Novice: 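One structure is given below, represented as structure tokens, and several questions about it will come after.
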Amino acid sequence: MSSSKRDGRYHVFEDDNNLSATAKVAATLKSSLKLDTPAQRHEQIYNIPNFLTFTRLIATPVVGYLIVHNQHLAAFSLFTYAAFSDLLDGWIARKWHLQTVVGSVVDPMADKLLMTTLVTCLAVNGSMAAPLAVIILGRDVSLAVSALYYRYASLPAPKTMARYWDFSLPSAEVHPTQISKFNTFLQLSLLGTLLCTNLLHDPAAITSAAGGFLLSIQDVLGGEAGVKTLVTGLSAVVASTTMYSGLEYTWKKDAVKILGGNEELKRKQGFRGRMIMLTSYGAFIAVAAALWMRGTASEEGEDKQKEA
């Protein structure tokens, strides 16, 4: 570094090496602080897609209440709105580039909350078999437990609560498997089928304008026995794909990608996460099997009593 006096003022000059080093430091600081800039941390979240997602969140507990209280026509109508709004908000967000970080987090949460509520309430009112509900809900709970571990284990220090829930600090990526996507479609198909089946037991639905159409569909399927066979078969398929998709996370190493450069540590964290998933979901599957066996034994006992 050198200096000279010109026109009564001092001017400082740095050599080329110092300028290059300074530029590198400035670039590094700019890169590391990028997530903390106002433009990155604040975004316009008050838009139509997020509003639709919010209304779906509000509608979810109402749908559950209507199902439990056997108001199936109203429940089906509100469920139809929720499903339509889910498609609409995604289309609007992509069409007019209104995607937000909040939306990317809340939208799947709203979908999962709706499915969880439907499964729980349909099991409560007896529309869905309890073992199947345990298999479906157990998978989601197990994935949530393992996700909590993955987030904590992979988060760079300092591991504070503020950083843990700061979604602008990614530490792991989840890559849903193909069977998981297919399983979601099957679960939605089953839930929709159960909601439609419940309409056949709702006087308000039977006496409505669509009542004749519902009864004609039931006749095509072979009456009440045919509808029951359809639901039983679809339930068995959903139980199989749900268990497979859940257990797949226990052996598929690339389903969850932990970010970072320490490969040995990442392997250990990945193994522990998969074992947490296996232990947790294995316990739920065991509970479901016990419930199924008890239900089968109870049905056999009732059949023997009828024969006697």
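Computed from a prediction, not measured in an experiment: that's the story for all the values here.
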Novice: For the side chain of Thr116 and the backbone of Leu113, is there at least one donor-acceptor N/O pair under 3.5 Å apart?
Specialist: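 No: the side chain of Thr116 does not pair with the backbone of Leu113.
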
Novice: Compare all side-chain heavy atoms of Lys253 with those of Arg274 and state whether any distance is below 4.5 angstrom.
Specialist: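 They are in contact (side-chain heavy atoms under 4.5 Å apart), so the answer is yes.
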
Novice: For Ile48, does the CD1 atom sit with more than 12 other heavy atoms under 6.0 Å from it, leaving out its own atoms?
Specialist: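 It does not: Ile48 CD1 has 12 such atoms or fewer within range.
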
Novice: Taking only residues two or more places apart in sequence or in another chain, which ones pass ring pair (Phe, Tyr, Trp, His ring centres under 6.0 Å) with Tyr65?
Specialist: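 Only His69 meet the ring pair (Phe, Tyr, Trp, His ring centres under 6.0 Å) criterion with Tyr65.
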
Novice: Distance from Leu214 atom CG to Cys196 atom SG, nearest 0.5 Å?
Specialist: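 One gets 7.5 Å once the value is rounded to the nearest 0.5 Å.
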
Novice: What I want to check is whether the side chains of Tyr281 and Ser146 have a donor and an acceptor closer together than 3.5 Å.
Specialist: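 Their side chains do not contain a donor-acceptor pair, so the 3.5 Å distance test is not met.
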
Novice: If hydrophobic clusters are built from ILVMFWY residues whose side chains come within less than 4.5 Å, do Val63 and Leu52 share one?
Specialist: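 No; tracing contacts between hydrophobic side chains, which count when under 4.5 Å, never links both residues.
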
Novice: So Leu143 and Met277, do their side chains get closer than 4.5 Å, heavy atoms only?
Specialist: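 A side-chain contact exists here, since the closest heavy-atom pair is under 4.5 Å.
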
Novice: Show the numbers, then the answer: is there a side-chain hydrogen bond (donor to acceptor under 3.5 Å, both in side chains) between Thr80 and Ser77?
Specialist: CA-CA 5 Å; Thr80 302; Ser77 301; over 6 Å; no

Novice: What are the two closest heavy atoms between Ile258 and Ser154, and how far apart are they?
Specialist: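 Between these two residues, the closest heavy atoms are CG2-CB, 3.5 Å.
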
Novice: As a quick check of understanding, evaluate side chain to side chain contact (heavy atoms under 4.5 Å, CB included) for Lys266 and Leu259, giving each step before the final call.
Specialist: CA-CA 8 Å; Lys266 286 162 60 176; Leu259 306 180; over 6 Å; no

Novice: Distance-only, no hydrogens or angles: does the Ser127 side chain make a donor-acceptor pair with backbone N or O of Ala123 under 3.5 Å?
Specialist: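 No, because the side chain of Ser127 does not come within donor-acceptor range (under 3.5 Å) of the backbone of Ala123.
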
Novice: For Arg94 versus Gln99, what's the shortest heavy-atom pair and its separation?
Specialist: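 Scanning both residues completely, I find the closest heavy atoms to be CA-NE2, 3.6 Å.
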
Novice: When you compare the side chain of Val231 with that of Met128, does any pair of heavy atoms fall below 4.5 Å?
Specialist: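 Side chain of Met128 against side chain of Val231, heavy atoms only: no contact under 4.5 Å found.
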
Novice: Apply side chain to side chain contact (heavy atoms under 4.5 Å, CB included) to residues Leu199 and Leu195 and explain how you reach the verdict.
Specialist: CA-CA 7 Å; Leu199 292 177; Leu195 289 173; over 6 Å; no

Novice: Is it the case that over 12 heavy atoms from other parts of the model lie below 6.0 angstrom from the CE atom of Met275?
Specialist: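 Count over threshold, so yes.
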
Novice: Would a hydrophobic clustering, with Ile, Leu, Val, Met, Phe, Trp and Tyr connected at side-chain separations under 4.5 Å, put Leu247 with Phe271?
Specialist: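 Yes, one cluster joins them.
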
Novice: Enter the distance from Ile276:CD1 to Ser142:OG here, rounded to the nearest 0.5 Å.
Specialist: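 So the gap between those two atoms works out to 10.5 Å.
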
Novice: Atom CD of Gln178 and atom CD of Glu248: how far apart are they, to the nearest 0.5 Å?
Specialist: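 With rounding to 0.5 Å, CD (Gln178) is 9.5 Å from CD (Glu248).
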
Novice: Are Val68 and Phe76 connected, step by step, through hydrophobic side chains (Ile, Leu, Val, Met, Phe, Trp, Tyr) whose heavy atoms are closer than 4.5 Å?
Specialist: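 No.
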
Novice: Test your reading of the model: is there a side-chain donor-acceptor pair from Ser298 to the backbone of Arg294, 3.5 Å cut-off?
Specialist: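 Side chain of Ser298 to backbone of Arg294: no pair is present.
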
Novice: Hey, what do you get for NE2 (His72) to CG (Asn198), rounding to the nearest 0.5 Å?
Specialist: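 Reported to 0.5 Å precision, the distance equals 4.0 Å.
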
Novice: Find out if a path of hydrophobic residues (ILVMFWY) with successive side-chain heavy-atom gaps under 4.5 Å connects Phe185 to Leu188.
Specialist: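 Cluster IDs for Phe185 and Leu188 match.
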
Novice: Within the 4.5 Å heavy-atom criterion, are Tyr164 and Leu148 side-chain neighbours or not?
Specialist: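 Heavy-atom side-chain distance check passes, below 4.5 Å.
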
Novice: Run through Leu137, Leu122, Val119, Val238 and flag the one making a side-chain contact (heavy atoms from CB on, under 4.5 Å) with Leu132.
Specialist: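 Among Leu137, Leu122, Val119, Val238, the one that satisfies the side-chain contact (heavy atoms from CB on, under 4.5 Å) with Leu132 is Val238.
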
Novice: Kindly determine whether His175 and Asp254 satisfy side chain to side chain contact (heavy atoms under 4.5 Å, CB included), including the steps that lead there.
Specialist: CA-CA 7 Å; His175 302 281; Asp254 59 350; 6.0 Å; no

Novice: Between Tyr244 and Trp251, is the ring-ring contact (aromatic ring centres under 6.0 Å, His included) condition met? List the steps.
Specialist: CA-CA 11 Å; Tyr244 184 88; Trp251 71 71; 5.6 Å; yes

Novice: Answer whether the closest heavy-atom distance between the side chains of Leu190 and Leu186 falls below 4.5 Å.
Specialist: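 Contact flag for Leu190/Leu186 side chains = no.
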
Novice: Kindly indicate whether the side chain of Cys121, heavy atoms from C-beta on, has any atom under 4.5 Å from the side chain of Thr117.
Specialist: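 Yes, side chains in contact.
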
Novice: Does atom NZ of Lys159 have more than 12 heavy-atom neighbours from other groups under 6.0 Å away?
Specialist: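 Above 12, so yes.
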
Novice: State, without any angle test, whether Ser245 and Thr242 hold a side-chain donor-acceptor pair at a distance under 3.5 Å.
Specialist: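 No, Thr242 and Ser245 have no side-chain donor paired with an acceptor closer than 3.5 Å.
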
Novice: Is Ser216 reaching over with its side chain to a backbone N or O of Phe213, donor-acceptor style, under 3.5 angstrom?
Specialist: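 It does hold such a pair.
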
Novice: Assess whether side chain to side chain contact (heavy atoms under 4.5 Å, CB included) is satisfied between Asp107 and Asn50, documenting all intermediate values.
Specialist: CA-CA 8 Å; Asp107 185 71; Asn50 288 346; over 6 Å; no

Novice: Only counting residues at least two apart or in another chain, list the ones meeting side chain to side chain contact (heavy atoms under 4.5 Å, CB included) with Asn262.
Specialist: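 Asn262 satisfies side chain to side chain contact (heavy atoms under 4.5 Å, CB included) with Glu264, Leu265 only.
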
Novice: Could you tell me which residues satisfy salt bridge (Lys or Arg N to Asp or Glu O under 4.0 Å) with Arg139, sequence neighbours excluded, listed by chain and number?
Specialist: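 Once residues adjacent in sequence are excluded, Arg139 has no partner under the salt bridge (Lys or Arg N to Asp or Glu O under 4.0 Å) criterion.
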
Novice: Compare all side-chain heavy atoms of Tyr150 with those of Gln269 and state whether any distance is below 4.5 angstrom.
Specialist: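 Tyr150 does not reach Gln269 side chain to side chain.
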
Novice: Rounded to the nearest 0.5 Å, what separation is found between the CG atom of Asp140 and the CD1 atom of Ile135?
Specialist: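 Here the interatomic distance stands at 12.5 Å.
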
Novice: I'd like to know if the side chain of Asp202 reaches the main chain of Leu73, judged simply by a donor and an acceptor atom lying under 3.5 Å from each other, with no hydrogens or angles considered.
Specialist: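 Yes.
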
Novice: I want to check something: taking the side chain as every heavy atom from C-beta on, are Trp96 and Trp91 in contact at a cut-off of under 4.5 Å?
Specialist: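 Answer yes - side chains close enough.
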
Novice: So, Arg56 side chain and Ala110 main chain: donor-acceptor pair closer than 3.5 Å or not?
Specialist: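 The answer is no, because no donor-acceptor pair under 3.5 Å joins these two groups.
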
Novice: Quick check on the 6.0 Å ring-centre criterion: do Trp165 and Tyr152 meet it?
Specialist: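 Between Tyr152 and Trp165, which both carry aromatic rings, the centre distance is not below 6.0 Å.
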
Novice: As an exercise, state the distance from CG of Leu215 to CD1 of Ile206, rounded to the nearest 0.5 Å.
Specialist: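 Going from CG on Leu215 over to CD1 on Ile206, the span is 4.5 Å.
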
Novice: Any link between Leu66 and Val124 through a network of hydrophobic side chains (Ile, Leu, Val, Met, Phe, Trp, Tyr) touching at under 4.5 Å?
Specialist: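 Not linked; separate clusters.
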
